[in-house]
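Take a look at the structure below.
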Amino acid sequence: MKEKIIEKVRIGKRISPEEALTLWREASFFELGALAREVRFRIHPERIVTYIIDRNINYTNICISGCKFCAYYRPPGKEGGFVLSQEELFRKIEETLALGGVQILLQGGLHPELPFSFYVEMLQSIKKKFPEIHIHGFSPPEIVHFSEISGETIEEVLRELIKAGLNSIPGGGAEILVDRIRKKVSPNKCSAEKWLEVMRTAHRLGLKTTATMMFGHLETIEDRIEHLKRIRDLQDETGGFTAFIPWPFQPGNTEIDVPKVMPVEYLSMLALSRIFLDNVKNIQASWVTQGPKVAQVALEFGANDFGSTMIEENVVAAAGVSHRLSVDEIERIIRDAGYEPRRRRMDYTLIS
Ligand code: SF4
C-alpha cells in the first residue's frame, strides 16, 4: 500500500487524506524526507533557497482572546500591556529599512477598545512616511475582530485596509483548522470557516497571503491532515497562498502542558506538508522554533525557503525559545547545506 502511494507521488499525482495518513504511519522518516525532497526539486529545480529581510512588529499585546497556547498576550488592564506609539512604530520601520528590510509583519492582539479607524490610520501613516515598505499585516482573527468592532463585513474591512496600504496577509491564527481543536486551544478565536472566509475574500480582492499550521498541542494526525486538506482545497479555488509554514507549538509559559515536538516529528510533518500540498509552491523552514541546525536539515525535507531574518520576534520568544540569526548567518547556513541563498519579496520574486 505504502509503495503504491510513494509511486503516485513520484509520478506527480495528488494523494488523498487517507493516503497521507498511510504515508505518515507506514513510511520511514527517511522515505518521507526523500519523497518530499523529490517533490521540492520538481517544483524548484534550481538549488536556490530564499529568505526575506523583515521585522515582526506587534502593535499591541493586549488581547481579549486568551488563547491557551499563547505566552505573549496580556488581558486588558493587566500589567505589561502596551500599544505601540507612532514614534516607536516609525523607529522600528526605519531600523528595518536601514538593515535592508523590504517588509514588516504587522500583527497584534485583539484589543477591546481600539476602534477600526486606529488600524486604518496606522496603515495610512506608515505608507505616507515609508511608501516603499511592504505591509504584510493582520492575520484572519484580527480581520474578523475588526469586522466585529466596526459592524462592517469582512469584505468591507479588507477593502478599507487595502485602500489604506495593506499589501498582503500573514497566515497566522490558523493553528489547526478543525473547530473541535480550536474550541479547546483558542475558544474565543474565529472558527476554521471564518479563517478560510477571510483568506478567500482577500484572495478574491487580489491580496496574496501565506498559510500556517501550528501543530503538536491537542490535535491528532488526522486533524493535521484535515488542516492540510482545507488549505489545499482553498488553494485550488483561489491560488492565493504563496507559501505554507508549519511550525510546532512551543509549550513554555503557556496553559497547555504537553511535551515539545521533537525534530524528527517536525521534519516528518514538514515533509508530509510538501508532499500533500501539491498546489502551494513554497514551504518554509522554521528556524525560529527549531534552531539553525534543524532548519538546515529541513532543506532536505521539502523546504525551499528559510523564512525571514526576523529582526524582531516577540511571540515565540515569550514561550522561552529564542534563536537569533543575522543575514550573514542565514546565508552561511544555506550555503553550508549546498544551496544558493537569495533574498526575496513576499510574493517570492527575487531581489537582485
Ligand atoms: S495568539 Fe493572538 S489572539 Fe490568541 S491570545 Fe495570543 S495575541 Fe491573542
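Remember, it's 1-based here, ligands and their atoms both numbered in the order they're listed.
Both cation-pi conditions hold for R47 and Y339: the charged atom is under 6.0 angstrom from the six-membered ring centre and inside a 45 degree cone around its axis. Both tests do not hold together for R274 against F301: distance to the six-membered ring centre under 6.0 Å, angle to the ring axis within 45°.
The proximity of Y72 to ligand 1, defined as any non-hydrogen pair under 4.0 Å, does not occur for either the backbone or the side chain. The proximity of C67 to ligand 1, defined as any non-hydrogen pair under 4.0 Å, involves the side chain as well as the backbone.
Counting atoms of ligand 1 from 1 in the listed order, those under 4.0 Å from a heavy atom of C63 are 3 (S), 5 (S), 7 (S), 8 (Fe). Atom numbering of ligand 1 starts at 1 in the shown order; those under 4.0 Å from a heavy atom of F69 are 1 (S).
Checking T242 against D347 by side-chain atom types alone, no donor-acceptor pair falls below 3.5 Å.
Across V49 and F306, no two heavy atoms sit closer than the pair CG1-N, 4.0 Å.
Among protein heavy atoms, the minimum distance from atom 1 (S) of ligand 1 is reached at K189 NZ, 3.6 Å.
Atom 4 (Fe) of ligand 1 does not have C70 among its coordinating residues (no N/O/S atom, backbone or side chain, under 2.8 Å).
Residue G66 places a heavy atom less than 4.0 Å from ligand 1.
No salt bridge links K13 with E7; every basic N to acidic carboxylate O contact stays at or beyond 4.0 Å.
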query = Would H111 and F118 count as a ring pair (Phe, Tyr, Trp, His ring centres under 6.0 Å) if you check the C-alpha gap in whole Å, the side-chain angles of each, and the deciding distance to 0.1 Å?
reply = CA-CA 11 Å; H111 195 291; F118 170 86; 7.8 Å; no

